[in-house]
2 protein chains.
Amino acid sequence: MTEPLDPEMFDPLCPSDLMPIRVGDKWAGMIIRCLGHGPRRFSELRVPLRGITAKVLTQSLRALERDGLVARTVYAGPAQRVEYALTPLGRSLLGPLDVMCAWAEEHWDELLDAREASPAPGRAG
Amino acid sequence: MTEPLDPEMFDPLCPSDLMPIRVGDKWAGMIIRCLGHGPRRFSELRVPLRGITAKVLTQSLRALERDGLVARTVYAGPAQRVEYALTPLGRSLLGPLDVMCAWAEEHWDELLDAREASPAPGRAG
DNA sequence: CAGCATCCATTCGGATACTG
DNA sequence: CAGTATCCGAATGGATGCTG
């Protein structure tokens with residue numbers, strides 16, 4: 001569980017923009033899936049969540065804490081270290097999350113088709 | 001499938017505010033579940049979605065159409081009539097949606113507890 | 001490293017008024 | 001009935017700069 005997270009875990013080509021299902025805010029679902037691999041530090045999380053700013057990551061993490069899905073642990077020391085881990089409640093969400101991801105994968109093409117076939121308000125092409 | 005929707009289908013005490021899982025925008029999940037019972041007219045949908053304004057319902061419906069989850073049919077006549085129905089793709093979402101709702105029901109108490117136990121920033125009491 | 005404070009643009013949800 | 005148009009406030013998401 002200490003192996004590094006895949007930086008391409010959430011490819012920009014596969015954003016939740018298109019995803020009609022979301023968990024919490026824009027990042028919550030991704031964070032939970034990251035933590036599904038084991039506890040992670042603040043900066044570790046920033047890798048797969050490419051481009052997320054510290055403030056926004058903090059916000060999302062706080063919201064998850066508040067909902068009891070994530071636990072925050074501070075390890076004091078020469079270099080401060082903070083770890084985030086899923087609580088049992090948070091882990092219980094991994095199953096439903098998988099269902100959603102499976103749905104998305106299975107119907108990705110249809111989603112894409114529908115978007116392309118739609119009137120495309122605004123954008124040319 | 002023509003029986004009226006339960007106005008209390010989405011009780012205000014059970015809002016998606018607390019729900020960490022969402023489908024599309026604030027209303028999309030509820031709309032899809034409404035349409036899971038069969039096609040519905042614009043004004044029929046406004047009943048269980050208590051308080052939704054026409055504009056917001058239209059927006060949500062348009063977004064669902066664009067994603068190919070909902071189909072819109074106009075029946076011209078003395079009194080114009082518009083019906084919304086789930087597409088096959090939309091129906092395929094009902095299963096995952098059930099999973100999410102089941103999760104929420106099962107862990108509702110924990111969610112509530114976590115919220116109450118949290119520092120409660122801002123609000124008194 | 002792991003934040004917090006501040007400021008800012010965009011989006012979201014909604015109120016109100018009007019149309020065919 | 002089924003919307004459209006316009007205006008508005010609040011919440012989201014983010015950039016930048018600073019702190020222990």
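Lettering follows sequence order; numbering is per chain, from 1. The figures here come from the full heavy-atom set of this structure, side chains too, leaving out hydrogens, waters and symmetry mates.
No side-chain donor-acceptor contact under 3.5 Å links A/R22 to the backbone of B/R22.
If you check every strand for non-hydrogen atoms under 4.0 Å, B/Y75 touches nothing. Counting any heavy atom pair closer than 4.0 Å across all strands shown, A/V82 reaches sugar-phosphate atoms only and no base atom. Across all strands shown, B/R46 has no heavy atoms under 4.0 Å from either base or sugar-phosphate atoms.
Rounded to an integer number of Å, the gap from CG of B/L45 to P of D/dA2 is 10 Å. Distance CD (A/Q59) to C1' (D/dA15): 13 Å, rounded to an integer number of Å. Rounded to whole Å, atom C1' of C/dG20 lies 19 Å from atom CZ of B/R81. Going from atom CD of B/Q80 over to atom P of D/dC1 covers 11 Å, rounded to whole Å. As rounded to whole Å, 11 Å separates atom P of C/dC12 from atom NZ of A/K26. As rounded to whole Å, 3 Å separates atom P of C/dG3 from atom OH of A/Y84. The distance between atom CZ of B/R22 and atom C1' of C/dT11, rounded to the nearest whole Å, is 12 Å. One can place CG of B/L57 at 13 Å from P of C/dA15, the figure rounded to the nearest angstrom.
Between B/L49 and B/V56 there is no side-chain heavy-atom pair separated by less than 4.5 Å. In this structure, A/L94 and A/L86 have side chains that are in contact, with non-hydrogen atoms separated by less than 4.5 Å. Using a 4.5 Å heavy-atom threshold, the side chains of A/D25 and A/Q59 count as separate. Contact of the B/T58 side chain with the B/F42 side chain is registered, since non-hydrogen atoms from C-beta on lie closer than 4.5 Å.
Note on B/R41: a side-chain N or O is less than 4.0 Å away from OP1 or OP2 of D/dA2.
Side chain of A/R72, nearest nucleotide from D/dG13, C/dA15, C/dG3: C/dG3. Among the nucleotides D/dG3, C/dC4, D/dA2, the one closest to the side chain of B/R62 is D/dG3. Which of D/dG13, D/dG3, D/dA2 sits closest to the side chain of B/S43 comes down to D/dA2.
Closest approach of A/Y84 and A/R72 over heavy atoms only: OH-NE, 3.3 Å.
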Next item on the list: Convert the base pairs of DNA chain D into dot-bracket notation, remembering that pairs crossing earlier ones are written with [ ] and that bases paired across to another strand are shown as |; include only Watson-Crick or G-U pairs under 3.5 Å.
Entry: ||||||||||||||||||||
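Summarising the geometry, atom CG belonging to B/L93 is positioned 10.0 Å from atom CG belonging to B/D98; distances are rounded to the nearest 0.5 Å.
Nearer to the 5' terminus of DNA chain D, by closest-nucleotide assignment, is the contact made by A/W27 (compared with the other of A/A54 and A/W27).
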